[in-house]
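Structure first, commentary second.
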Amino acid sequence: MDISSILQGGYQHPLSRSWQGRRQLTKSMFMYPIFITDDPDASVVIPSLPGQRRWGVNQLETFLGPLVKKGLKSVIIFGVPLTCEKTLQDGRGTPADDPSGPVIQAIKKIRLLFPSLYIACDVCLCEYTSHGHCGLLHADGTINTKPSVLRLAEVSVNYAKAGAHCVAPSDMMDGRIKAIKQAFIDADLASKCTLMSYSAKFASALYGPFRDAAGSAPSFGDRKCYQLPPTAKGLARRAIQRDMVEGADIIMVKPALPYLDIISDATQLASDHPIACYQVSGEFAMVHAGAAAGVYDLKTMAFETTESMVRAGATLILSYFTPDFLDWLEA
């Protein structure tokens, strides 16, 4: 079967089916990014992300239960291996799909506690490698693409087997969407797990609070050779088109607010795909900082920013404001 033949992975779940249509801001459009650590009882404040914490799996019922009752429909899991021995972190990110690690344990726990909650998993190696980069490296420190995409595909399959409804590779390695989709086909998972690609992910200054939360800063250098340059509109368009051909079910733009033009481009280039955007940690922190300084009202600006994303064409918004919108959209 050709990779371009696989469509069902994009609408195998009632929630992902709803994302196939364009509509107004609603609760179901919000996906909540959550940080799960390998301390099962953790509840640790993240100072640079107002109101956010790192959670252990034993805290998930207390943490997510009230949100599910308010209408939370989906989460995206980021694993934070804080207590695992440094010796387990290696050049290939071995702990990423450890069955006893935070991501797979969280998938299973959430499936058990909240069967109707849609679970996406970020797929990257940076939190699990000894060097903190998003792929495997050559001896000279540059990205080694082929083994990187094979490892990312392996991790994706293991997350899907654990029960994830969606995998979302954020690494920006060339060819990883095709590799993951082919791995899903080979494992008979292509129609059972959605593939959401961080297609246009820019090398932004807005990721600082996230890297504090996830402990994912590289130990040397930066990620400018694989994340997109902020001025690179053409590269972003090419990346979106590439990922469509390689089998992505959802196209994502990250960050969101500084790249509304790219979201708009995505809606034109991928007019038959759901379009996601990630209101990243720095965007969230900026809105909070401005409100704290009296520049504007927090709720008003949160609506203005997210509604601009919908106006640009987004059908799914990954946002730390998700718990707030569960209250605000009730009113």
Side-chain angles (χ1 to χ4, degrees), residues 3 6 9-10 16 31 33 74-79 92-97 101 103-104 107 118-129 132-136 143-162 164-187 189-190 192-204 207 210 214 216 218 223 225-228 235-236 238-255 266 270 273-278 280 316 318:
I3 283 174
I6 301 295
S16 59
M31 178 177 281
S74 64
V75 295
I76 181 167
I77 296 171
F78 294 89
R92 67 186 304 272
T94 295
D97 51 354
V103 175
I104 288 179
I107 295 168
Y118 188 93
I119 305 167
C121 292
D122 180 82
V123 179
C124 198
L125 302 179
C126 57
E127 299 100 323
Y128 308 99
T129 55
H133 280 279
C134 300
L136 281 65
I143 289 292
N144 191 350
T145 303
K146 185 175 180 179
S148 295
V149 300
L150 292 176
R151 177 65 182 135
L152 291 159
E154 181 181 31
V155 172
S156 298
V157 166
N158 287 328
Y159 288 171
K161 286 181 176 178
H165 299 107
C166 173
V167 296
S170 61
D171 54 283
M172 290 299 287
M173 300 295 111
D174 284 337
R176 90 273 202 214
I177 301 303
K178 182 177 182 179
I180 293 169
K181 184 66 85 171
Q182 186 61 60
F184 276 2
I185 293 171
D186 295 342
L189 291 167
K192 300 175 183 177
C193 188
T194 299
L195 178 49
M196 176 165 64
S197 176
Y198 288 69
S199 297
K201 179 179 177 180
F202 291 85
S204 173
Y207 301 147
F210 175 91
S216 62
R223 295 172 178 147
C225 289
Y226 44 98
Q227 295 179 1
L228 301 179
L235 267 177
R238 289 164 59 193
I240 290 165
Q241 292 171 305
R242 176 194 63 189
D243 288 359
M244 290 166 53
V245 172
E246 290 190 3
D249 297 307
I250 300 174
I251 298 296
M252 190 198 302
V253 177
K254 176 185 178 182
H273 286 62
I275 304 299
C277 65
Y278 197 149
V280 300
L316 171 61
L318 287 67

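This structure is a prediction, so every number in the text was calculated from the model and none was measured.
Under the rule for a side-chain hydrogen bond (donor to acceptor under 3.5 Å, both in side chains), the partners of Y198 that lie at least two apart in sequence or sit in another chain are D122. Partners of F202 according to the ring-ring contact (aromatic ring centres under 6.0 Å, His included) rule, which considers only residues two or more places apart in sequence or in another chain, are Y259.
Neither side chain, N158 nor E154, offers a donor N or O lying under 3.5 Å from an acceptor on the other. Side chains of S170 and Y278: a donor-acceptor N/O pair is absent below 3.5 angstrom, by distance only.
Of all heavy-atom pairs between L189 and A160, the closest is CD1-CB, 3.8 Å.
A salt bridge between K181 and D249 is present, with a side-chain N of the basic residue lying under 4.0 Å from a carboxylate O of the acidic one.
Within the model, atoms CD1 of I180 and OG of S197 stand 8.0 Å from one another, a figure rounded to the nearest 0.5 Å. Here NZ of K192 is found 11.0 Å from NZ of K161. Values are rounded to the nearest 0.5 Å. Taking CG of D243 as the start and CG of L195 as the end, the distance is 8.5 Å to the nearest 0.5 Å.
Using a distance-only test at 3.5 Å, with no hydrogens or angles considered, no donor-acceptor pair links the side chain of H273 to the main chain of M244.
Counting heavy atoms from C-beta outward, L318 and K254 have side chains that stay 4.5 Å or more apart. Within the 4.5 Å cutoff, no side-chain heavy atoms of L152 are placed close to those of P169.
Around the CZ atom of R238, the shell of radius 6.0 Å holds no more than 12 heavy atoms that belong to other residues, nucleotides or ligands.
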| message | Walk me through whether D171 and L125 qualify under side-chain contact (heavy atoms from CB on, under 4.5 Å). | response | CA-CA 7 Å; D171 54 283; L125 302 179; over 6 Å; no
